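Take a look at the structure below.
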Amino acid sequence: MAPTRYEGRDVRTGRSISVGVKGETIADVRRENRAEPGPWIAPALLDIQLNGFGGYGFNEAETSTESVARVVRSQWRAGIGAFLPTVTTHSRDRMLHSLRAITAARRDPLIGGSIPGIHLEGPHISPLDGPRGAHPLEHVRLPSWDEFLRMQEAAEGGVLLVTLAPELEGAIPFIERLAEAGIVAAIGHTNASAHDLDAAIQAGARLSTHLGNGAHSLLPRHPNYIWEQLSRDELDCSVISDGHHLPASVLKCILRCKGVEHTVLISDAVTHGGLPPGTYPAAAGEVEVAADGRISLAGTPYLAGAGAHLGQSVSNLVRMGVASRQDALRMASLNPARLLARDDRMGALDAGKLASLIQFSWTEEGIRVHRTVVGGQVVFDEGAG
Ligand SMILES: [Zn+2]
């Protein structure tokens, strides 16, 4: 049988590209040196930090197989072909509940094809106001490998990424064990000293999670844990470019320090992301979604998470003039795939890789997705409604 073909403008070259797909795999790629007027084509986006979207979250008492599947479908519409559902600091029972629901949802081949694994953000984070962010203090606790094993068992081995604070008692041997198990250890929600960071890197830590957020609002000018992490070439860095969490100047400086190859865009979007403007009930009190997508604790200036999906984060970064289209897309596809050691299958349009791609236009608002293909299956088609 002849391969199904997807044609468009290669986002890396601006030239014509035709991707032939057989089954779940890219069978061949034809590149021609001519301008192509049609839509752009790029690898599907990969978000390594997503807490929920469209009214459904991964950390709720109500989190279920169906709610996880709903979030997956909402992401397909936006060009996100895969993501790591992010389970955050809570009671052990609640975290196990979330892990089991996500793991059950992954058993559906189509849904599971969009969830390569899980990100555990906490509960081993700084208890301090500022670094702790919105994680509930009562559930913050010291690293426990036994507890991790129980969580990993509930996830059936699906946890691929763990964010923790390396200054906590027991954190360094914990990071060593993560690294030995092939799980990415990330530094975040931390008050680490330079010494703590060096020990974490030595133990195998590889990422700074949402650098510049989950931090004190006031810090010594230097040294502080933001400069220190910026200066460590061993650490890749993830950033939230929703237009609210970090100003363009900070995004630009992080990008120049780390380089395009070592920066990963994340949405860190929450349950209320993508909902129409209004006030909604939430665990931490009422949450207000503004017309521009900003999500805050109602009646306060405090952000209550990110409202933009990863496609909007890519668009924002380009609109702010911080990165080219090509680089912004790379930071949301190839770079996270490489971090997770999935770049043999994901993050690029090459023969032999998984056929996960998007066809889209650049509009004034940014990316408008026409079609999303995951593992050779069309999971979203604008024309099909
Ligand atoms: Zn966080």
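Predicted model only: the values in this text are computed from it and were never measured. Numbers here simply count residues along the sequence, with the first being 1. When a ligand or atom number is given, it counts from 1 through the structure's own listing order.
- Nearby protein atoms of type N, O or S around the Zn ion (ligand 1) amount to 3 (distance under 2.8 Å).
- Interatomic distance, Trp40 CH2 to Gln359 CD, rounded to the nearest 0.5 Å: 13.5 Å.
- Here the two rings, on Phe360 and His370, have centers that are 6.0 Å apart or farther.
- Note that NE2 of His195 is 8.0 Å distant from CG of Asp198, once rounded to the nearest 0.5 Å.
- A salt bridge links Arg31 to Asp10: at least one charged side-chain nitrogen sits closer than 4.0 Å to a carboxylate oxygen.
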**Asked** Between His90 and His135, does a ring-ring contact (aromatic ring centres under 6.0 Å, His included) hold up when you go through it step by step?
**Response** CA-CA 8 Å; His90 212 289; His135 292 236; over 10 Å; no
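- When the shell of 6.0 Å around CG of Leu137 is examined, it contains more than 12 heavy atoms from other residues, nucleotides or ligands.
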